[in-house]
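Quick notes on the structure that follows.
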Amino acid sequence: MFDFVGYRALVDACPGCGFQYAIERAEITPWLRADADAFVEKFRGLDEASVRVRPARDVWSPLEYLCHVRDVLRVQKERILLAQHEVDPVFVPSETR
């Protein structure tokens with residue numbers, strides 16, 4: 001995602017949600033739109049009780065998954081803002097924050 005500012009992520013994808021870091025600049029907007037549409041569609045039919053239930057012990061509940069994606073997007077927003085304000089930004093891996 002950040003090839004256009006010369007940043008290479010240490011990890012190609014988030015093991016929890018599959019977020020891809022290696023995405024070309026031209027792919028960003030269509031990818032974001034498609035993902036937003038997919039999220040809305042996937043979670044539209046869930047009721048308040050089922051959104052909190054883990055389908056298996058080692059599988060996140062829909063709410064946990066959504067919160068994780070929210071957090072990943074917050075980190076990406078911080079990185080975009082940093083890249084807009086610094087000539088040579090340093091992106092700290094989110095696991096060390």
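As the structure is a prediction and not an experimental result, all values here were calculated from the model. In this chain, numbering begins with 1 at the start of the sequence shown.
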Non-hydrogen atoms of [X] and [Y] that approach each other most closely:
X: Ser61; Y: Pro55; result: CA-CD, 4.3 Å
X: Pro62; Y: Leu46; result: CB-CD1, 3.7 Å
X: Phe91; Y: Ala83; result: CZ-CB, 4.0 Å
X: Pro89; Y: Leu82; result: CB-CG, 3.9 Å
X: Tyr65; Y: Trp60; result: CA-CE3, 3.7 Å

Salt bridge (charged side-chain N to carboxylate O under 4.0 Å, His left out) pairs, two or more places apart, involving residues 45-62 | Arg54-Glu64

Criterion side chain to side chain contact (heavy atoms under 4.5 Å, CB included) against Val72, the qualifying member of Arg70, His68, Arg74 = His68

Partners passing side chain to side chain contact (heavy atoms under 4.5 Å, CB included) against Val87 (at least two apart in sequence or in another chain) =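 Here no residue qualifies.
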
Listed by chain and number, what are the side chain to side chain contact (heavy atoms under 4.5 Å, CB included) partners of Arg33, not counting sequence neighbours?
->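 In terms of side chain to side chain contact (heavy atoms under 4.5 Å, CB included), with neighbours along the sequence ignored, Arg33 is linked to Thr29.
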
Same cluster (ILVMFWY, side-chain, under 4.5 Å), Val69 and Val51 | yes

Check whether Leu32 and Leu81 end up in the same hydrophobic cluster, where Ile, Leu, Val, Met, Phe, Trp and Tyr are linked by side-chain heavy atoms less than 4.5 Å apart.
-> no

